[in-house]
Asker: 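Can you read through this structure? Questions will come right after.
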2 protein chains.
Amino acid sequence: MLELRHLRTLIALRDAGSLVEAAERVHLTQSALSHQIKDLEERLGSPLFLRKTRPVEFTRAGTRLLALAEQVLPQVRMAERDLARLAGNEQGRLHMAIECHSCFQWLMPTIDHFRDHWPEVEIDIPGGHHFDPLPALAREHLDLVITADPQPLAGVHYEPLFRYEGLLAVARQHRLAGRPFVTPVDLTEETLITYPVEHARLDVFTQFLDPAGVKPREVRTAELTIMMMQLVASGRGVCALPNWALTEYLERDYVKAVSLGAEGVWSTLFAAIREETRELPWMEDFLRTARETSFAVLEGIKPA
Amino acid sequence: MLELRHLRTLIALRDAGSLVEAAERVHLTQSALSHQIKDLEERLGSPLFLRKTRPVEFTRAGTRLLALAEQVLPQVRMAERDLARLAGNEQGRLHMAIECHSCFQWLMPTIDHFRDHWPEVEIDIPGGHHFDPLPALAREHLDLVITADPQPLAGVHYEPLFRYEGLLAVARQHRLAGRPFVTPVDLTEETLITYPVEHARLDVFTQFLDPAGVKPREVRTAELTIMMMQLVASGRGVCALPNWALTEYLERDYVKAVSLGAEGVWSTLFAAIREETRELPWMEDFLRTARETSFAVLEGIKPA
DNA sequence: CCAAGAACATGAGTTATTGTCATGATGAAC
DNA sequence: GTTCATCATGACAATAACTCATGTTCTTGG
């Protein structure tokens with residue numbers, strides 16, 4: 001019998017383009033999905049997609065089921081929201097701080113969407129504070145903080161949103177451009193441009209250079225991503241940024257990007273919230289929406 | 001995670017009014033439904049219906065889910081039909097015979113509905129034949145026969161549709177009216193009116209009188225249900241008919257009905273089809289539609 | 001053309017879910 | 001208060017779903 005599970009899988013498969021990645025998205029193994037879909041296909045009596053193309057190509061039957069999924073799943077989500085609301089806990093406050101530069105790209109659509117569904121939750125990004133946001137979260141001045149480096153703090157829970165790769169942006173004609181990846185020593189002769197934050201919060205150092213005991217020739221800072229890009233493009237340095245922050249510059253062929261090490265440097269972005277707000281229906285919904293939106297908006301990220 | 005299974009259960013529950021009967025309809029035990037719904041309620045954080053009323057009363061959360069089910073399940077069924085059609089086997093023939101007098105009540109809506117969804121299947125009830133329909137089925141002159149007494153026949157499969165109770169219709173002022181049930185000997189002094197078919201095909205005899213070795217004082221026949229009702233109402237005899245064939249007369253208080261024996265005499269109505277047509281998608285759909293329609297239209301019947 | 005990598009399939013075995021059976025509790029009807 | 005029907009519950013069983021390990025196929029780059 002057809003179940004929602006199958007529809008969710010198919011949507012993931014379409015968005016991902018391959019079984020392997022779809023499996024990641026629904027937090028199952030590739031094998032599980034293979035079995036699941038095979039079962040379904042047998043019961044329906046026809047294949048749902050062609051596996052030998054990349055991305056996978058859906059058959060007519062597959063397309064029909066996808067259409068069903070597109071129709072049905074939003075209705076189900078809406079009902080679930082209503083139920084959550086009926087279950088109580090409706091009004092609340094969601095004041096946020098964003099530690100991660102350039103997160104607005106996916107955060108704004110998330111907030112818009114959320115506002116429509118939870119009008120009774122006061123959502124805001126209070127500006128102007130320059131205190132440390134995580135203690136402010138614990139002290140209930142804030143309700144959610146987007147951060148890439150979780151610090152153990154009583155009563156604070158870190159909910160992983162997604163993983164992203166830190167890439168090294170270099171000028172188009174740079175000697176490192178075109179390499180499959182760079183090694184730490186490759187940076188000994190470079191000027192590294194970073195955001196003006198503590199050394200310990202920069203993954204290039206903590207995960208890449210420091211373990212190898214390497215220092216770049218020079219380190220300078222810039223406030224905004226666009227400024228960094230200008231410096232990089234004009235050959236005055238290189239900088240490490242999340243892959244998704246770079247995509248727009250890469251598409252315009254403004255700079256080139258290289259992985260840091262053979263495996264790449266991967267970090268996880270977290271939403272820090274207070275333990276007691278963790279199970280509030282609207283909080284769960286916000287996090288779910290945030291994840292959905294970021295996957296829809298950003299490229300090259302992976303489920304946590 | 002919410003699944004279609006849950007929605008199907010809730011619809012059954014609403015239609016049935018109690019867990020026990022809903023369980024019959026979805027072919028599970030009452031216990032299974034109790035567990036299933038309890039799980040769901042726990043995950044949602046609120047009860048879905050009140051058990052202490054008859055029929056069960058849905059809470060706001062329950063009503064919301066029912067609305068979802070009403071919205072989603074038809075969409076799913078439609079998709080399934082499309083898929084079945086895509087899977088091939090689209091055109092076919094469905095010529096039927098109805099052995100059971102007064103089945104048209106639920107058969108007509110079924111046919112109408114079916115015609116809309118399977119325009120490529122030629123559906124008909126050829127009139128005029130007076131040969132025995134079951135051999136005609138085997139010989140492929142017919143494709144489906146509605147009958148209440150299946151006979152072993154090579155290549156013919158009997159698909160149970162629903163069970164119904166054979167009731168004894170008596171005049172309003174009859175001495176047996178108002179009894180909880182009648183015993184075989186109660187009929188020794190009665191005139192029994194039957195359809196003009198073989199003795200062996202009448203459940204009153206095979207399941208009730210014959211086992212007790214009892215014969216009614218007189219047996220006479222009538223062609224049409226309405227004629228039987230007139231004879232019964234005027235006190236010129238009693239007759240045994242399916243409960244659902246009687247409802248309209250009972251509602252108008254034209255006659256009274258009594259069960260045959262403490263347990264009642266229950267029979268099953270079957271759709272006889274040829275083995276090889278059993279898995280055709282449109283045949284499966286026709287049978288499903290037939291069952292659905294009869295449950296919606298008839299009262300007092302039970303799943304087979 | 002071969003080696004290496006990536007992606008999907010498959011079979012066996014495990015786990016988790018979902019159901020059944022037997023029984024108990026509760027409430028309504030007589 | 002007894003009886004009857006319905007629903008709940010706990011222990012167990014069946015089944016469905018998933019993972020692991022491995023095999024197959026196709027693509028890519030030397």
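Lettering of chains follows the sequences in order, A, B, ..., and the numbering in each one begins at 1. What you are looking at is a predicted structure, and each value in this text was computed from that prediction instead of being measured.
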Asker: Rounded off to whole Å, could you give me the CG-to-P distance for the B:L50 and C:dA28 pair?
Answerer: 13 Å
Asker: Could you please name the option among D:dT6, C:dC21, D:dT19 that lies closest to any side-chain atom of A:T29?
Answerer: D:dT19
Asker: Before accepting this row, confirm whether a basic side-chain N of the pair B:R278/B:E275 lies closer than 4.0 Å to the acidic partner's carboxylate O.
Answerer: yes
Asker: Does the cation-pi check pass for A:R51 over A:F49, that is, NZ or CZ under 6.0 Å from the six-membered ring centre and within 45° of its axis?
Answerer: yes
Asker: Where the side chain of B:R5 is defined as all heavy atoms beyond and including C-beta, which of C:dC8, C:dC21, C:dT18 is the nearest nucleotide?
Answerer: C:dT18
Asker: Could one point to a donor on the side chain of A:Q30 or the base of C:dA9 with an acceptor on the other under 3.5 Å away?
Answerer: yes
Asker: Quick check for you: among C:dG27, C:dC8, C:dT20, whose closest atom lies nearest to any side-chain atom of B:K52?
Answerer: C:dG27
Asker: Which listed nucleotide (D:dC7, D:dT9, D:dC18) is nearest to the side chain of A:Q36?
Answerer: D:dC18
Asker: For A:R54 and D:dC26, what is the distance between atoms CZ and C1' respectively, to the nearest whole Å?
Answerer: 9 Å
Asker: Counting heavy atoms from C-beta on, name the nucleotide in D:dC7, D:dA17, C:dA7 closest to the side chain of B:L19.
Answerer: D:dC7
Asker: Round to the nearest Å and state the distance from A:L33 atom CG to D:dA17 atom P.
Answerer: 13 Å
Asker: Is a salt bridge present between A:E189 and A:R175, judged by a nitrogen-to-oxygen distance below 4.0 Å?
Answerer: no
Asker: Taking the side chain as C-beta and beyond, is there a heavy-atom pair between A:I37 and A:L13 under 4.5 Å?
Answerer: yes
Asker: Using whole Å, report how far NZ of A:K38 lies from P of D:dT19.
Answerer: 16 Å
Asker: If you go through the side-chain atoms of A:S34, does one of them form a donor-acceptor pair with the base of C:dC8 closer than 3.5 Å?
Answerer: no
Asker: Nearest whole Å is fine: how far is C:dT18 P from A:M1 CE?
Answerer: 16 Å
Asker: Quick check for you: among C:dA7, C:dA9, D:dG10, whose closest atom lies nearest to any side-chain atom of A:R51?
Answerer: C:dA9
Asker: For B:H35 and A:E3, find the nucleotide of DNA chain D closest to each by heavy atoms; which residue's nucleotide sits nearer the 5' end?
Answerer: B:H35
Asker: In whole Å, what is the span from the CG atom of B:D39 to the C1' atom of C:dA16?
Answerer: 12 Å
Asker: Could you state the atom-to-atom distance from CD of B:E57 to P of D:dC7 in whole Å?
Answerer: 14 Å
Asker: Could you give the NE2-to-C1' distance, from A:H27 to D:dT19, as a whole number of Å?
Answerer: 16 Å
Asker: Do A:E248 and A:R252 meet the salt-bridge criterion of a basic N to acidic O distance under 4.0 Å?
Answerer: yes
Asker: Could you tell me whether B:S31 contacts a base, only the sugar-phosphate backbone, or nothing, with contacts defined as non-hydrogen atoms closer than 4.0 Å?
Answerer: base
Asker: From C-beta outward on B:V56, which listed nucleotide comes closest to its side chain: D:dC7, D:dC18, C:dC8?
Answerer: D:dC7
